[in-house]
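Before any comments, here is the structure.
All ligand and atom numbering here is 1-based and tracks the order in the structure. Keep in mind that what you see is a predicted model, and the values were worked out from it rather than measured.
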Amino acid sequence: MVFTFKNQYLQGVYDKTAKCYANEPEFLQAVGEVLQSLEPVVAKDPSYETNGVIDRIVEPERMISFRVSWVDDNGKVQVNHGYRCQFNSAIGPYKGGLRLHPSVCPSVIKFLGFEQTFKNSLTTLPMGGGKGGSDFDPKGKSDGEVMRFCQSFMTELCKHIGADTDVPAGDIGTGAREIGYMFGQYKRLRNEFTGVLTGKALSYGGSLARTEATGYGLLYFTEEMMNVMKNDTVKGKTIVVSGSGNVAIYATEKATQLGGKVVALSDSNGYIYDPNGINLDVVKDIKEVKRGRIKEYAERVPGSVYTEGQRPWGVKCDIALPCATQNEIDEESAKILVANGTKVVAEGANMPSTPEAIAVFQKNGLLFGPAKAANAGGVATSGLEMSQNSERLSWTFEEVDAKLKGIMINIFHNAYDRSKEYGVEGDLVVGANIAGFLKVADAMKWQGVAY
Ligand code: NDP
C-alpha cells in the first residue's frame, strides 16, 4: 500500500521512513496509517514540525537484537533470533508483550512497538511503548524445551529491562508458562523480586483478571461503541471470533455473558462452526489444558463442523471480532463480511485488518473499533498489575474488572470525542490515533529534542 499525504512534512517523514525500512512492510503499514490520521493535527499546530516530533516518533529509541541458543530434547543446539524494541518512553517505562512465533522479525516487532506507544497512551496509565519476541515456535515443544529457550532468552533480555525501565508481558505464544520461566530466570540472574514482567501467575504477583482482560476489554469497548453510536447492544447478536488463544477465548466468554452467540473460532489451520453457540468449556480444555488444535472441537461437539485451511470470515454474523493476528482480514474478506450483513467489527488482535479492508468497512457504514483502542484492556490491566506489585498488594477480581471496564469506556469516549473535534465523527481510527498521539507528543516536547 502506498500512503500519500496532503501535508509536506508528513509526506517527507513517511518517504524517508519508507526508504530506510523498505523491507519492513508491517512497520510501514502501521506508520502510514497513523500519519494519515495526524494530517489535521499537524496542519493545525506547526510546533510538531519545528520540534521534529513526527520524525522522532516513527523511529524506535532502541532496537535490541540478540542470539538465543538453547539445547533441545535430543541434545542438539538450536539458535533463534531474539528482539526487544524499546519504542518510546516519553510517558513511562517501555511496556508491551513478547511474541513467540516463527513469523517474528524486525518489521513485526517494530510495528507492534509503534502501535503499543499510542495504545498505552490511550489507557491514561504511565506506560511507554515497547515490544519484543523471537522466531521460536513453542508449538510442539516439550515443557523442558520451552523452559530452556525462555531461560536463554531472558539471560540476554535481563540486561535491558527492569521494573522502572521496561516491563514486558505476554503476546502470541507467550502465556503464563513462558512468563513464569522468564521471571524465574530474571530473579536468578539479578537476585531481585520486582514487577519486571506482567501476566504472572497469581502465586507470585500476578493480577486477578489479567488473563481475561484483553478479551473482556474488547467486549466492554464494543458494547459502549454500539450503545453510543447505534443505540444497540451485543445481546442477541451472532458473533464470529478468529483465533482460539487468550484473546479469542475471553472475548467469547464475555460476549456470551452479554447475551451474544459466538458461532465460530479458528486457529492457523482452520475454523470451527457451531450453530448452537460455542461451548467454551470444551475450547478451554482443548487449548488451555491440552494445548491441542481447534479441529478437535468438531470431534467432541455434535452439530459442529471443522473447515480446514480457511479463515472464518465467510460465516454469517452481526459482529466480527478478529483476535488472531495481523492482516487476517483483507479487502476480499471485508467485502464478504459486508455482503453477509455484518454491522460491527472490533479488533482484538493487533492490526488484523488491512488498510483496504478498513476502507471497505468505513465506506459501508460499519461500526469499526480499531485495535489500539479496542484491545487496550490487556495492557491496561498489566498497568494495574504493575501498580499492585509496587504497592505489594492484590486487588480483588471485581476491583480489577471494574477498573478495566471504566478504562475501556473512557478509551471509547476519548477516541469518539477526538473524531468529532477533528470533523470526522465516528471515525475511531482517526480519533484513537489522535488521542493516543497528543499525550505522547506533548511529553516529547516537554522533554526536549535529545530524546
Ligand atoms: P495466543 O498465542 O494465545 O493465540 C493466538 C491465536 O491466533 C491462536 O489461535 C493462533 O493459532 C492464532 N494465530 C496466530 N498466528 C496466526 C496466523 N498467522 N494465522 C492464523 N491464525 C494465527 O495469542 P493472543 O490471544 O495473546 O494474541 C492474539 C492477538 O491479540 C495478537 O495479535 C496479539 O498481539 C493481540 N493482543 C494480545 C494481547 C494479550 O493480552 N494477550 C493484548 C493485546 C493484543 P495457532 O495456535 O494455530 O498458531
Side-chain angles (χ1 to χ4, degrees), residues 26 30 95-104 108-109 111-113 115-116 119-120 122-123 127 129 131-133 135-140 168-179 198-199 206-207 209-218 221 241-253 264-272 283-284 286-288 290-297 308-313 321-330 333 346-353 370-385 404 408 411:
E26 292 88 357
K95 179 91 198 92
L98 297 170
R99 178 173 292 192
L100 301 182
H101 192 272
S103 62
V104 164
V108 166
I109 294 300
F111 114 67
L112 289 164
E115 292 281 290
Q116 194 81 45
K119 182 190 307 192
N120 293 2
L122 282 171
T123 67
M127 300 181 290
K131 202 81 186 188
D135 56 359
F136 172 79
D137 187 357
K139 277 208 286 286
D171 191 71
I172 290 178
T174 307
R177 175 181 60 167
E178 290 75 16
I179 291 290
T198 58
S207 173
R210 174 60 187 95
T211 305
E212 294 83 355
T214 310
Y216 277 26
L218 174 66
F221 182 96
V241 177
S242 67
S244 49
N246 172 266
V247 181
I249 286 176
Y250 292 96
T252 301
E253 185 163 286
L265 282 175
S266 67
D267 62 20
S268 53
N269 296 109
Y271 74 88
I272 48 156
V283 176
K284 285 184 181 177
I286 294 169
K287 301 305 275 192
E288 294 185 337
K290 303 204 166 82
R291 296 183 186 274
R293 309 303 300 158
I294 201 64
K295 73 173 175 195
E296 292 162 36
Y297 183 93
E308 177 83 17
Q310 280 182 40
R311 296 196 155 124
W313 310 126
L321 303 175
C323 295
T325 194
Q326 64 270 10
N327 292 329
E328 56 171 312
I329 304 184
D330 59 11
S333 306
E347 298 184 320
N350 282 310
M351 207 168 77
S353 315
K372 63 173 74 66
N375 75 20
V379 73
T381 308
S382 277
L384 302 178
E385 185 174 330
L404 166 66
M408 295 314 296
I411 289 175

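By the 4.0 Å N-to-carboxylate-O rule, K290 lies too far from E296 to be salt-bridged with it.
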Is there any protein N/O under 3.5 Å from an N/O of ligand 1, and what does the full list of such pairs look like?
unit_1	atom_1	unit_2	atom_2	d
ligand 1	2 (O)	G173	N	2.9
ligand 1	3 (O)	N246	N	2.9
ligand 1	9 (O)	S244	N	2.9
ligand 1	9 (O)	S244	OG	3.4
ligand 1	11 (O)	S268	N	3.4
ligand 1	25 (O)	N246	N	3.2
ligand 1	25 (O)	V247	N	2.9
ligand 1	32 (O)	R99	NH2	3.4
ligand 1	32 (O)	N350	N	3.1
ligand 1	34 (O)	R99	NH2	2.9
ligand 1	34 (O)	D171	OD1	2.6
ligand 1	34 (O)	D171	OD2	3.4
ligand 1	34 (O)	N350	ND2	2.8
ligand 1	40 (O)	R210	NH1	3.3
ligand 1	40 (O)	R210	NH2	3.0
ligand 1	40 (O)	T214	OG1	2.7
ligand 1	46 (O)	R293	NH1	3.3
ligand 1	47 (O)	S268	N	2.9
ligand 1	47 (O)	S268	OG	2.4
ligand 1	47 (O)	R293	NH1	3.4
ligand 1	47 (O)	R293	NH2	2.5
ligand 1	48 (O)	K139	NZ	2.7

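For the side chain to side chain donor-acceptor pair (under 3.5 Å) test with N350, the passing option among K119, E26, K372 is K119; the others fail.
Residues forming a side chain to side chain donor-acceptor pair (under 3.5 Å) with R177 (at least two apart in sequence, or on another chain): D143. Residues passing the ring pair (Phe, Tyr, Trp, His ring centres under 6.0 Å) test with F221, sequence neighbours excluded: F412. When the side chain to side chain donor-acceptor pair (under 3.5 Å) test is applied to E288, the partners found at least two apart in sequence or on another chain are Y250.
No hydrogens or angles considered: nothing links the side chains of D171 and T174 as a donor-acceptor pair under 3.5 Å.
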